[in-house]
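In the text below, chain A, chain B and the rest are named by the order of the sequence lines, each starting its count at 1. For the numbers below, each heavy atom of this structure counts, side chains included, while hydrogens, waters and symmetry mates do not.
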Amino acid sequence: MTSPASPSPLYRAALLDHATHPRGAASIPPGTETSRMVNTACGDEVRWLVAFTPSGTIATATHDTHACAICTASASLLAEQLPGLTPSQIRSLAADFSTRLHSSTFPSTSPALAAFNALSAHPARLPCALLPWQSLLASLPPA
Amino acid sequence: MPPAPHFSPLDARRDFPAYAAPASPCVYLDSAATAPRLGPALDAARDFYLASNANPRRAVHALASAATRAFEDARSAVAAFLGAPPASVVFTSGTTASFNLLARGLPADLLGPNDDLFVTAAEHHSAYLPWQAAAAARRAFFHVIPLSPAGDLTPDLLSRALSAAPRPRLVALTALSNVLGRPQDIPALCDVAHAHGALAVVDAAQSAPHLPPAAWRACWDFLAFSGHKLGAPMGIGVLAGRPGLLDRLSPLLLGGEMVAEVPPGPDSPPVLAPLPSRLEGGTPNAGGAVALAAACRWLQALPPDAPSAVAAIANRAAALLAALPRVRLLAPPAPLSPLFSFAIDGVHPHDVAQILDESSLAVRAGHLCAQPLMRSLGLSAAVRASFYYTSLPTDADALLAAVQRVLALFP
């Protein structure tokens with residue numbers, strides 16, 4: 001039997017750090033977000049407040065996430081990458097994230113992302129990791 | 001007279017093939033979702049398909065006669081399990097199908113415009129949604145009765161709700177919430193409904209394996225349950241109803257077997273068959289029905305202390321978890337509660353369930369198909385542990401250790 005001290009293949013320290021101390025998180029008053037998405041199966045909610053520079057790159061992007069550890073960590077890891085990106089770059093990263101998520105091919109060089117490699121064995125949790133990305137895409141101007 | 005035998009889960013496990021191997025695959029605490037498959041039920045279905053494989057009621061050959069006898073014997077066995085006459089039993093694909101059949105098929109004089117229809121806040125979506133839709137379609141008023149602080153629909157709460165409405169016509173109530181796990185006083189609640197002129201519709205999906213329905217002496221007007229929660233295969237269930245009321249339902253499924261005559265002319269309505277065929281359109285799940293009958297007989301043969309033995313394990317597990325910091329039970333367990341739900345402060349239910357899975361414990365997490373109840377509790381999701389006749393006392397200790405691991409991972 002797994003003991004209380006047994007490490008978790010999914011809930012590794014690097015992922016839990018992002019889940020409990022999410023980067024780019026802020027309180028966004030309801031109704032002021034630029035996008036909102038909810039997983040009604042579990043109640044996970046991710047709202048983004050995104051502002052763009054005159055040249056169309058991300059100036060600021062904050063998220064208000066009320067969700068499981070997988071979803072919150074995913075939002076945190078995503079938020080870290082955003083400043084300075086164009087919508088086209090974000091869409092490309094979203095497609096890459098989804099592909100790696102389904103194929104368990106996140107590089108070990110990012111311990112937090114590498115924890116997501118354990119998710120392919122739990123397909124019911126894939127929507128948790130994808131929700132922040134799907135919500136963010138709704139904040140982008142049409143392609 | 002020899003003393004009644006005591007229930008032993010180790011003895012019970014001999015009848016469940018999943019536990020045939022020395023090492024069980026996991027600590028299965030999700031029987032409220034679906035029970036472990038019962039060997040005698042699987043055997044009954046297999047025997048039917050090997051020896052009586054024909055469409056019941058359709059042909060005159062010997063195999064069809066055998067299939068019909070097996071199918072109708074199954075109906076009688078299920079009726080005995082319910083303490084009701086065989087004419088009150090209609091086979092469906094499950095509780096969801098049963099409530100959809102009932103909600104759509106009730107005649108307008110039993111539920112019509114401006115009538116008051118009641119459900120409780122604890123109803124599963126399989127009851128809540130069909131009745132909500134029926135109220136909208138029939139322009140009736142849809143009322144949701146809140147529960148007591150302990151999580152019950154008390155006779156007093158029901159009486160007050162019905163008294164406040166001008167035309168109470170129907171009350172849909174669960175005998176045992178799939179979230180809160182507290183058995184309800186069905187005879188008393190049916191009495192209250194009837195005293196106010198309302199039909200009583202009982203959801204027995206969770207209670208049927210744990211609370212012998214025959215004890216209610218068919219006090220209800222309609223009742224539904226699913227075979228897979230008794231260990232029969234998925235895809236078979238029952239809608240039971242008072243024969244005088246059942247006879248008034250319109251069929252949901254039009255097709256084979258449920259029609260006596262299809263008159264000539266495209267505008268001529270069909271002449272429907274008598275019960276039960278009228279409400280069992282299409283080829284029936286005959287193998288499922290005989291399996292369900294076997295499951296009902298298995299439950300009826302259990303020692304009388306079996307339900308309380310299961311509840312004792314559930315209650316002990318609930319008490320162990322409730323003593324932990326940050327763990328909150330959604331309702332106080334009752335003496336015969338076979339399940340309970342809980343939340344852990346600071347840990348999402350899906351994360352709890354995932355970590356428990358790493359310890360080979362299977363629980364259910366999410367809204368549990370009870371979003372109105374979750375909302376009334378201020379939650380979007382919870383974790384549920386449900387126990388069955390295959391549960392061992394050590395399962396409670398395994399659950400405690402696994403939850404302690406959750407607390408350690410999320411300090």
Among A:Ala13, A:Cys71, A:Cys68, A:Cys128, which residue forms the greatest number of heavy-atom pairs with chain B at distances under 4.5 Å? A:Cys68

Heavy atoms only: give me the nearest [X]-[Y] pair and the separation to one decimal.
X        : Y        : result
B:His367 : A:Thr40  : CD2-O, 3.1 Å
B:Asp351 : A:Tyr11  : OD1-OH, 2.5 Å
A:Cys42  : B:Ala381 : O-CB, 3.6 Å

Could you tell me whether A:His122 atom NE2 has more than 12 heavy atoms of other residues or ligands within 6.0 Å of it? yes

Does CZ belonging to B:Arg104 count more than 12 external heavy atoms closer than 6.0 Å? no

Judged by modelled atom types alone, do A:Asp44 and B:His348 share a side-chain donor-acceptor pair under 3.5 Å? yes

Can you confirm whether B:Gln354 sits close enough to A:Ile70 that some side-chain heavy atom of one is under 4.5 Å from a side-chain heavy atom of the other? no

Is A:Leu10 close to B:Glu358 at the side-chain level, that is, under 4.5 Å between some pair of heavy atoms? yes

